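As the structure is a prediction and not an experimental result, all values here were calculated from the model. For this chain, numbers begin at 1 and follow the sequence in order.
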Amino acid sequence: MTKLLSVFAGTAPARAATSHYQEFGGGPGMSSMVNDFVNRVKVDPRIRTYFTHTNIPALKAALTNQFCNLEGGDCPFNMNMHTVHQSLGVTQAAFNALANDLTITMDNHHIPMDAQNNLLAKLAAMEPQVVTK
């Protein structure tokens with residue numbers, strides 16, 4: 001949990017200055033990690049209600065592209081985070097639970113700590129556009 005708190009205190013550029021994409025295993029590794037991550041959040045009692053009416057295959061595809069893009073891969077991603085989340089009523093607690101689930105998933109996939117922190121910092125910088133309640 002300390003890792004999450006320290007990462008969320010900072011901000012980072014929207015895209016990696018250096019690529020961590022290969023540290024996630026490239027396309028196949030990123031896709032596998034995102035698949036496990038989404039499967040984890042959709043059953044997490046802290047946040048599963050946010051995903052009840054979600055198109056899960058579309059969410060997995062969008063997150064795979066987003067994470068790939070943020071970590072320096074050549075994946076297109078141009079969704080506006082405020083627009084995507086504005087009607088969901090995402091709380092700070094839900095945002096933190098999602099980050100916790102992502103950290104657990106990255107640990108389970110043996111993603112190196114520098115790559116984890118890089119992705120978490122970029123996602124933390126999006127907090128003002130995602131947390132709406």
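- Gly72 and Tyr21 make their closest contact through C-CB, 4.2 Å (heavy atoms, listed as atom of the first residue, atom of the second, distance).
- A search for side-chain hydrogen bond (donor to acceptor under 3.5 Å, both in side chains) contacts involving Asp36 returns His109, not counting sequence neighbours.
- At a cut-off of 3.5 Å, with distance as the only test, a side-chain donor of Asp107 or Gln116 sits close to an acceptor on the other residue.
- In this structure, OG1 on Thr103 lies 8.5 Å from CE on Met113, to the nearest 0.5 angstrom.
- For the atom pair Glu127 CD and Gln92 CD, the distance stands at 4.0 Å (nearest 0.5 Å).
- Using a 4.5 Å heavy-atom threshold, the side chains of Lys42 and Leu59 count as separate.
- Between Val41 and Asp101, the shortest heavy-atom distance links the atoms CG1-OD2, 3.5 Å.
- Asp114 meets the side-chain hydrogen bond (donor to acceptor under 3.5 Å, both in side chains) test with no other residue; sequence neighbours excluded.
- The main-chain N or O of Thr49 is found under 3.5 Å from a side-chain atom of Thr52 such that the two form a donor-acceptor pair.
- Looking at Phe51 and Asp44, their side chains never come closer than 4.5 Å, going by heavy atoms from C-beta outward.
- From Leu120, atom CG reaches atom CG of Leu70 across 11.0 Å, with rounding to the nearest 0.5 Å.
- Counting only heavy atoms from C-beta outward, the side chains of Leu63 and Val38 approach each other to under 4.5 Å.
- Put simply, CZ on Phe37 and CG on Asn39 are 11.0 Å apart, with the number rounded to the nearest 0.5 Å.
- Between Phe95 and Ala124, the shortest heavy-atom distance links the atoms CZ-CA, 4.2 Å.
- No side-chain heavy atom of Glu71 sits less than 4.5 Å from a side-chain heavy atom of Gln22.
- When the side chains of ILVMFWY residues are joined at heavy-atom separations under 4.5 Å, either directly or via intervening members, Met30 and Ile104 end up in two distinct hydrophobic clusters.
- Across all non-hydrogen atoms, the minimal contact from Thr64 to Lys60 is OG1-O, 2.8 Å.
- Closest of all the heavy-atom pairs between Arg40 and Thr105 is NE-OG1, 3.0 Å.
- Closest approach of Ala94 to Tyr50, counting heavy atoms only: CB-CE1, 3.4 Å.
- Interatomic distance, Leu119 CG to Cys68 SG, rounded to the nearest 0.5 Å: 11.0 Å.
- Taking CD of Glu23 as the start and CD1 of Ile111 as the end, the distance is 8.5 Å to the nearest 0.5 Å.
- Using modelled atom types and a 3.5 Å distance limit, the side chains of Arg46 and Asn96 yield no donor-acceptor pair.
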